[in-house]
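Report on the structure given below.
By convention in this document, chain letters (A, B, ...) are assigned in the order of the sequence lines, proteins followed by strands, and residues within each chain are numbered from 1.
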Protein chains: 2
Amino acid sequence: MDRETIWHLQNFNIFKAIPHDEMERLQDMVDTDWIKNRDPVYLQGEPTTWVYFLKKGLVKLSMTSAEGKTITVALLKPGEIFGELSGMDESDTSMEAIALENSYLCRIRREIFKEFVESHTGLVLSLNKILGLRIRRIQTAVRDLAFLDVPARLAKLLHSLCETDAEVKPNGHLITLRLTHQELANLIGASREIVTTVLGRFTEEGLLVQEKRRLLIKDPRQLKKYFPDQ
Amino acid sequence: MDRETIWHLQNFNIFKAIPHDEMERLQDMVDTDWIKNRDPVYLQGEPTTWVYFLKKGLVKLSMTSAEGKTITVALLKPGEIFGELSGMDESDTSMEAIALENSYLCRIRREIFKEFVESHTGLVLSLNKILGLRIRRIQTAVRDLAFLDVPARLAKLLHSLCETDAEVKPNGHLITLRLTHQELANLIGASREIVTTVLGRFTEEGLLVQEKRRLLIKDPRQLKKYFPDQ
DNA sequence: GATAATCTGTTAACCGGATTACAATTCCGG
DNA sequence: CCGGAATTGTAATCCGGTTAACAGATTATC
């Protein structure tokens, strides 16, 4: 699109090292898009047409079962790239991407992106790194689902949110994301009810305070007693 | 090592397109290794020194919890490559690789492999594809753990073993891998006991026959009634 | 071929968490 | 700021699967 969009794209980690005149080749290939809170960017089973760059907002990557249960694999924040980047030869998306806030993103056709990436060795390598990180994350999800019970998984989630999405306040870490109990449940593969209950227990124990759909964690280190190191 | 080793390496999918004289640069960098049944190739937390190529045998990639529970993420067969290929900047292995048969493999130091890969655009791309497939696999593991019960997970596992590791016999598909109930349990994140029980039920229903630690699946399609499509 | 080690089979007791079913609260759009 | 929608809170019930505890069968190993 416009020059400004390209300029923004350049801010994405993956493109940092690409010379600006190279980036301009993408000029007319980039599209921008608003997605309203709760609307899907794409759904499971849709053909993988685009690669997305999240500029503003919050998007979750999740999988939904036939019975309507959902498990959330990642919360994407501005600066993150998504879509089927992988081998880039997959034909259908295996997940869905849904906005959890009004979000602003731009997108490039998969083939164009693929071509661009393949003509820049550095890009291929960064992509490799991104995929590697993604593998680590999912592996951890498997391990946690298999080995930890709900309080442990929840404590671990809150602990990590403290590190990635919290403001440090005098009385603790305020998690900036406004996640419902249902969304928290989806993130750890549990039912909404038990999340409510366990959050209640954590509150009683003085580990946290819930206020207007925000969580204030008094002392993240206290949460660690619920889950083993690593 | 010797010329023959290089020749073998060339048979790995990832190296198929590399000219033979290029491959020879790896000549003295490649090491070969026997691993006895049940012995580890590497363990969780060890530094990631090598990239491995499985030439013969069977190796499982798994994670073990502090309490000694194990979940198996992949069964690797000859022709497969493993080790920390990802971004290749990880310092510790997050999994362990254990031989399930006497296995023959060769290995290259991670940095050498990395260098070699980075100097061959084609290689980086194949690596990307491998990582993409790996992501898909693990995502499926997460989905299955979260959405399916034990009979469904077991049926699905047997069904997929029929496709990847079975000989077609007149009376059904004979799964060639000799997996104990414990190993099957590790593959689906369940206890050994319930695997025994459910296998018993499947046998009663005439879905399969167990003989000397081998499974003969009468008709894989019958298993499908236990798990939803995809 | 004998003996130890590993696997399979089975069952009762237990338990974590899902389900179900509401009531109370909070939020949000007009 | 009002009314409907979404979210939270709570408790009873139910259930799949783990745990525990053995007996029997099979497989390695010397």
Side-chain angles (χ1 to χ4, degrees), chain A residues 36-39 65-71 98-102 144-155 157 175 177-204 208-216 226-227, chain B residues 36-39 65-71 98-102 144-157 175 177-205 208-216 226-227:
Chain A
K36 273 206 322 228
N37 188 7
R38 277 151 202 279
D39 278 356
S65 74
E67 304 87 61
K69 287 187 205 170
T70 294
I71 184 151
I98 308 219
L100 290 183
E101 293 174 6
N102 293 329
D144 290 349
L145 273 175
F147 296 152
L148 303 182
D149 61 12
V150 169
R153 300 209 294 277
L154 186 53
L157 171 63
I175 295 173
L177 304 179
R178 291 172 66 261
L179 298 167
T180 65
H181 291 182
Q182 183 63 63
E183 290 300 345
L184 292 171
N186 294 345
L187 280 161
I188 61 171
S191 69
R192 195 276 307 167
E193 289 82 350
I194 207 169
V195 165
T196 303
T197 307
V198 174
L199 277 180
R201 197 195 317 160
F202 286 176
T203 307
E204 277 175 27
L208 56 85
V209 179
Q210 304 188 61
E211 45 182 27
K212 346 184 86 199
R213 206 149 299 168
R214 286 257 173 99
L215 296 170
L216 178 75
Y226 279 100
F227 60 94
Chain B
K36 273 205 321 226
N37 188 7
R38 277 149 203 282
D39 277 357
S65 74
E67 304 88 60
K69 286 188 206 172
T70 295
I71 185 151
I98 308 217
L100 290 183
E101 292 175 7
N102 294 328
D144 291 349
L145 274 176
F147 295 152
L148 304 181
D149 61 12
V150 169
R153 300 209 294 276
L154 186 52
K156 196 170 176 188
L157 171 63
I175 293 173
L177 304 179
R178 291 173 66 261
L179 297 168
T180 65
H181 292 183
Q182 183 63 64
E183 291 299 346
L184 291 171
N186 295 344
L187 280 161
I188 62 171
S191 69
R192 195 274 309 165
E193 288 82 350
I194 205 164
V195 166
T196 302
T197 306
V198 174
L199 277 180
R201 196 196 317 159
F202 285 175
T203 307
E204 277 173 28
E205 290 180 25
L208 55 85
V209 179
Q210 304 189 61
E211 45 181 27
K212 343 184 88 198
R213 206 150 300 168
R214 286 255 173 98
L215 296 171
L216 178 75
Y226 280 100
F227 60 94

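Separating the CG atom of A/N37 from the P atom of D/dA6 is a distance of 12 Å, rounded to the nearest angstrom. Rounded to an integer number of Å, the gap from CD of B/Q182 to P of C/dG9 is 14 Å. In this structure, A/I194 places its CD1 atom 15 Å from C1' of D/dT8, rounding to the nearest Å. Note: CZ (B/F202) to C1' (C/dT8) measures 17 Å, nearest angstrom. Rounded to whole Å, atom P of C/dT8 lies 9 Å from atom CG of B/L199. For the pair B/L100 CG and C/dC7 P, the computed distance is 11 Å after rounding to whole Å. A straight line from CZ of A/R201 to C1' of D/dT8 spans 17 Å, rounded to a whole angstrom. Across the protein-nucleic acid pair, A/E67 atom CD and C/dT19 atom C1' stand 14 Å apart, rounded to whole Å.
For the pair A/L184 and A/L215, the minimum side-chain heavy-atom distance is below 4.5 Å. With contacts defined as side-chain heavy-atom distances shorter than 4.5 Å, the pair A/Q182/A/V195 does not qualify.
Pairs of Watson-Crick or G-U wobble type, with distances under 3.5 Å, assemble into runs of 3 or more in DNA chain C at these ranges: C:1-30 with D:1-30.
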* **Annotated protein contacts, base or backbone, on nucleotides 22-30 of chain C with a non-hydrogen cut-off under 4.0 Å, one of B, S, - each** => -----SS--
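Contact between B/V150 and B/A190 at its shortest, heavy atoms only, is CG2-CB, 3.9 Å. Shortest non-hydrogen contact noted between A/R153 and A/D144 is CD-O, 3.6 Å. Among all heavy-atom pairs drawn from B/I188 and B/L145, the shortest one is O-CD2, 3.9 Å. Of all heavy-atom pairs between A/R213 and A/L179, the closest is CG-O, 3.8 Å. The minimum heavy-atom distance between A/R38 and A/I98, with the atom names listed, is O-CG2, 3.7 Å.
For B/D149, whose side chain is taken as the heavy atoms from C-beta onward, the closest listed nucleotide among D/dT18, D/dG17, C/dG17 is D/dG17. Of the candidate nucleotides C/dG17, D/dT19, C/dG9, C/dG9 has the atom nearest to the side chain of B/Q210. For B/R38, the side-chain atoms get nearest to C/dC7 when compared with the rest of C/dC7, D/dG17, C/dG9. For A/T196, the side-chain atoms get nearest to D/dT10 when compared with the rest of C/dA18, D/dT18, D/dT10. Nearest to the side-chain atoms of B/H181 among the listed nucleotides C/dT8, C/dA18, D/dA6 stands C/dT8.
Between B/G189 and A/G200, the residue anchored nearer the 5' end of DNA chain D, judged by the nucleotide with its closest heavy atom, is A/G200.
Counted by atom type alone, A/T196 and A/R192 present one or more donor-acceptor pairs between their side chains at under 3.5 Å.
Listed for the A/N186 side chain is no donor-acceptor partner under 3.5 Å among the backbone atoms of A/I71. Looking only at distances, no side-chain donor or acceptor of A/N102 sits under 3.5 Å from a matching main-chain atom of A/K36.
At a threshold of 4.0 angstrom between heavy atoms, the contacts of B/T180 are confined to the sugar-phosphate backbone, with no base atom among them.
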